[in-house]
Asks: 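Pasting a structure below so you can have a look.
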Amino acid sequence: MPQKNNLTAERIWDAFTQKYQQTPRLFRSPGRINLIGEHTDYNDGFVLPASVDKAVYFAIAPREDDLVQLEAVDLNETYEFQLGDLTKPEQQWPVYQLSVLDQLQKNGLKIKGFQASFGGDLPVGAGMSSSAALECCLLFALNELFDLGLDRLEIVKMAQRAENEYVGMKCGIMDQFASVFGKEQSVIQLDCRSLEYKYFPFPMDKNLLILCDTKVKHSLADSEYNLRRQECERGVEILQNKYPEVHSLRDATPDMVEEHKAEMGPTVFKRCKFMTGEIQRVQEAGKLLLEGDLESFGEKMYDTHDGLQHQYEVSCPELDFLVEQTRSNDDVAGARMMGGGFGGCTINLVKRGGAENFEKVMKEAYQEKFGVELPCYRVSITDGTSEMKG
Ligand code: GLA
């Protein structure tokens, strides 16, 4: 039985027991927020993510044969296939489950068939990493069910490769890492090169983190994400001619990029200028957070947004509008777009006492400008992927 007072977990559990008439095991993988450090992960930089109270749940039980039965509870759809046939499906959602099985196969890890019902309360396409949560959840569950012997870091890396290879989205490691390694009331400072990490306490007594969801659905795989990655790689190639020690933009400085402006051309130059600055900014921001200087930390969030908007060009008018609205609000220390971009949410650091007014003002402004209701999520930081015990 799922934990009491978790309605979403109960819903997934009930769907499974009704459909398959047996008792499953239940797993949870949270979505993530990221305080600062965007697109830095695949440039070997730093990120400051945390796992939150919106998650994907899998109720799951093994089978004796090789059949896989999946039920997407929120969509009321099912999909079945044999383990030996991992052909890409026509429906979009089973791609993520298949990507995990593809990885297991490539790594020679043997499982049997299984039946699963899954779903959750993590908005899809809102920049909170629902796909990473889904892949991590299934992989974590299969690891437990079939005693595959993977540790948490192996799960993270394998889930990332699942996304890179089968799904075709060349994401970095942040989302999977945050979903699996998240810790209650803490943000993770992750060095995406060495994978060393530290937890920073993030108390919510005085400030809240509020996400404003533009409802613009980003489609990262189809979008410019992979192109940004290539543009950064091109920048590294150019810098390497003069500085052989530069293996990624982590090794470069804004000055070095400036020096090679002409060779890079305007687009690659803008991307690399932003990225080298952003990698430095995350380190400075981490210090500010430790010192408890949230006002200065908030300034850095605005700087990041400006760069993502004008130099990295991954924002959109709805995100820019929402960030703009907060600049004159004294209760907001910082705001910016979050995640891959082109839609999804802004993240706002808001004084607790001003939260209600903040949400009201933002909803009204968004309604007036775009004629769309603006969902606001007050997030709390929870533990990462785990099995839920009754
Ligand atoms: C997506 C990717 C991550 C990261 C962010 C941007 O969420 O999956 O790896 O690059 O975008 O920071």
Side-chain angles (χ1 to χ4, degrees), residues 29-52 54 56 95-96 99 122-136 156-182 187-193 195 197 211 213 216-233 248-250 271 274-279 281-282 285 300-301 303-305 307-309 311-316 319 336-347:
S29 261
R32 63 105 189 88
I33 52 170
N34 183 27
L35 288 182
I36 200 160
E38 226 57 272
H39 289 263
T40 43
D41 57 355
Y42 56 82
N43 286 298
D44 280 352
F46 298 87
V47 287
L48 269 184
S51 54
V52 297
K54 292 191 182 297
V56 169
V95 167
Y96 300 101
S99 75
L122 184 55
V124 173
M128 296 171 73
S129 298
S130 55
S131 57
L134 198 142
E135 289 150 356
C136 290
V156 166
K157 290 182 177 171
M158 214 182 262
Q160 183 198 7
R161 283 202 301 273
E163 185 81 29
N164 288 170
E165 294 170 16
Y166 193 91
V167 182
M169 150 81 176
K170 306 290 177 199
C171 65
I173 202 164
M174 169 170 74
D175 303 349
Q176 293 78 8
F177 198 97
S179 187
V180 172
F181 280 89
V187 296
I188 309 169
Q189 188 188 48
L190 172 66
D191 177 340
C192 299
R193 168 171 276 172
L195 299 184
Y197 63 100
L211 307 184
D213 186 350
V216 176
K217 298 287 171 215
H218 64 171
S219 168
L220 289 175
D222 301 339
S223 78
E224 305 261 303
Y225 187 95
N226 292 351
L227 182 60
R228 290 295 173 283
R229 196 169 177 150
Q230 284 166 18
E231 288 162 350
C232 291
E233 283 162 8
S248 66
L249 291 179
R250 164 79 174 271
R271 310 298 189 238
F274 165 74
M275 187 46 61
T276 45
E278 177 77 351
I279 291 173
R281 187 157 39 238
V282 186
K300 302 271 179 213
M301 292 173 76
D303 292 345
T304 290
H305 185 81
L308 290 167
Q309 179 182 354
Q311 294 176 291
Y312 216 63
E313 296 177 292
V314 292
S315 189
C316 66
L319 289 166
R336 61 178 199 82
M337 58 149 278
M338 187 183 77
F342 304 102
C345 295
T346 61
I347 177 167

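Note that ligands are numbered from 1 as they come in the structure, with each ligand's atoms numbered from 1 the same way.
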Asks: Going by the side chain to side chain donor-acceptor pair (under 3.5 Å) test, name the single residue among Glu313, Gln311, His39 that passes it with Arg271.
Replies: Glu313
Asks: Determine whether Gln189 and Tyr197 make a side-chain contact, defined as any pair of heavy atoms from C-beta on separated by less than 4.5 Å.
Replies: no
Asks: Taking only heavy atoms of Gly339 into account, list the atoms of ligand 1 that are under 4.0 Å away from them.
Replies: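 Going through ligand 1 atom by atom, the ones under 4.0 Å from Gly339 are 6 (C), 11 (O).
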Asks: Numbering the atoms of ligand 1 from 1, which are under 4.0 Å from a heavy atom of Asp41?
Replies: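 Counting from 1, the qualifying ligand atoms are 3 (C), 4 (C), 9 (O), 10 (O).
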Asks: So, the side chain of Arg193 versus the backbone of Phe46: is there a donor-acceptor pair under 3.5 Å, distance only?
Replies: no
Asks: Counting heavy atoms not belonging to Lys157, are there more than 12 under 6.0 Å from its NZ?
Replies: no
Asks: With a cut-off of 4.0 Å, which atoms of ligand 1 are near a heavy atom of His39?
Replies: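 Counting from 1, the qualifying ligand atoms are 6 (C), 12 (O).
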Asks: Does the N or O separation between Thr40 and ligand 1 drop below 3.5 Å for any pair?
Replies: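 Min N/O separation from ligand 1 is not below 3.5 Å for Thr40.
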Asks: Out of all atoms in ligand 1, which are within 4.0 Å of some heavy atom of Gly172? Include the element for each.
Replies: 9 (O)
Asks: Just checking, any donor-acceptor pair under 3.5 angstrom between side chains of Gln230 and Asn226?
Replies: no
Asks: Can you tell me if Arg32 contacts ligand 1 (heavy atom of the residue under 4.0 Å from the ligand)?
Replies: yes
Asks: Which atoms from ligand 1 have a heavy atom of Cys171 less than 4.0 Å away?
Replies: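 That gives atoms 2 (C), 8 (O), 9 (O) of ligand 1.
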Asks: Which atoms from ligand 1 have a heavy atom of Tyr225 less than 4.0 Å away?
Replies: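 Listed by number with element: 1 (C), 2 (C), 3 (C), 4 (C), 9 (O), 10 (O), 11 (O).
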Asks: Give me the ring orientation class for Tyr42 and Tyr225: parallel if the planes are under 30° apart, tilted from 30 to 60°, perpendicular past 60°.
Replies: perpendicular
Asks: Considering only heavy atoms of Met174, which atoms of ligand 1 have at least one such atom less than 4.0 Å away?
Replies: 4 (C), 5 (C), 12 (O)
Asks: Going by the salt bridge (charged side-chain N to carboxylate O under 4.0 Å, His left out) test, name the single residue among Asp44, Asp191, Asp41 that passes it with Arg250.
Replies: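 Of the listed options, the one satisfying the test is Asp191.
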Asks: Has ligand 1 got any nitrogen or oxygen that is less than 3.5 angstrom from a nitrogen or oxygen of Asp175?
Replies: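 Checking ligand 1 against Asp175, an N or O pair does fall under 3.5 Å apart.
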